[in-house]
> 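Before I ask anything, here is the structure I am working with.
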There are 2 protein chains.
Amino acid sequence: ADIRAVPAKAGQCFACHGSDGLSKAPDAPNLAGQNEMYLVSALKAYRSGARVHEVMSLMAKNLSDAEIDQLAAYFSGIAITVKTP
Amino acid sequence: ADIRAVPAKAGQCFACHGSDGLSKAPDAPNLAGQNEMYLVSALKAYRSGARVHEVMSLMAKNLSDAEIDQLAAYFSGIAITVKTP
């Protein structure tokens with residue numbers, strides 16, 4: 001399998017969201033396999049202030065569009081499978 | 001496995017989020033296995049207007065706290081597994 005390059009700025013996400021994209025903090029969402037367009041719009045909303053969060057607003061403040069695309073691609077690219085009940 | 005009761009109001013979520021919790025719309029996030037506290041806070045933010053979205057603001061407007069808890073439990077209860085790269 002291709003060893004997907006980890007975007008330079010992804011490290012700062014791992015503390016709460018996990019390098020596997022599974023939440024490591026009580027109120028942090030999982031990002032693994034998440035919808036890519038949704039992740040891009042969420043990061044841009046935090047960057048613009050349309051969405052406000054004590055941590056995410058800081059994290060997103062200096063991200064470029066390219067960095068946002070790379071981060072969204074990284075996390076959405078983590079394959080998930082669902083076990084329907 | 002226990003056939004988890006589908007909350008009455010869950011049906012309105014399925015069009016975009018899927019009954020399996022996997023996104024069925026271009027910019028709708030997956031909800032399967034999502035962090036329960038995050039789902040509760042997201043729905044409450046849409047209900048209060050702290051978060052605004054053309055569809056979600058309407059969907060959340062009349063949800064009670066109990067309905068929000070049931071919906072969050074339903075989607076977060078869908079088991080997901082992650083295939084790390």
> I'd like to know if B:Val82 and B:Leu31 are part of one continuous hydrophobic network [Ile/Leu/Val/Met/Phe/Trp/Tyr, side-chain heavy atoms within less than 4.5 Å].
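Linked within one cluster.
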> Which residues in residues 37-45 of chain B have any heavy atom closer than 4.5 Å to a heavy atom of chain A?
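B:Met37, B:Tyr38 fall under the 4.5 Å cut-off.
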> Hey, does B:Leu22 have a side-chain heavy atom less than 4.5 Å from the side chain of A:Ile80?
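Counting from C-beta outward, A:Ile80 and B:Leu22 do come under 4.5 Å.
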> When only pairs under 4.5 Å are counted, which of A:Ala25, A:Ala28, A:Ala50 shares the most heavy-atom pairs with chain B?
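Top option by heavy-atom pairs under 4.5 Å: A:Ala28.
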> B:Ile68, B:Tyr46: one ILVMFWY side-chain cluster at the under-4.5 Å cut-off?
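B:Ile68 clusters together with B:Tyr46.
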> Test of understanding: clusters of I, L, V, M, F, W, Y form through side-chain heavy atoms closer than 4.5 Å, transitively. Do B:Met56 and B:Phe14 belong to the same one?
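No.
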> Tell me, out of B:Ala32, B:Pro26, B:Ser76, B:Ser23, who's got the most heavy-atom pairs with chain A below 4.5 Å.
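If we count pairs closer than 4.5 Å to chain A, B:Pro26 comes out on top.
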> Could you state whether B:Tyr74 and B:Leu71 fall into the same hydrophobic cluster, counting links through intermediate Ile, Leu, Val, Met, Phe, Trp or Tyr residues with side-chain heavy atoms under 4.5 angstrom apart?
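Per the 4.5 Å side-chain linkage, B:Tyr74 and B:Leu71 are not co-clustered.
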> Counting N and O atoms only, with roles assigned by atom type, does the side chain of B:Asn30 sit under 3.5 Å from a partner on the main chain of A:Gly33, one being a donor and the other an acceptor?
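Yes, the answer is positive, given that a donor and an acceptor are paired below the 3.5 Å cut-off.
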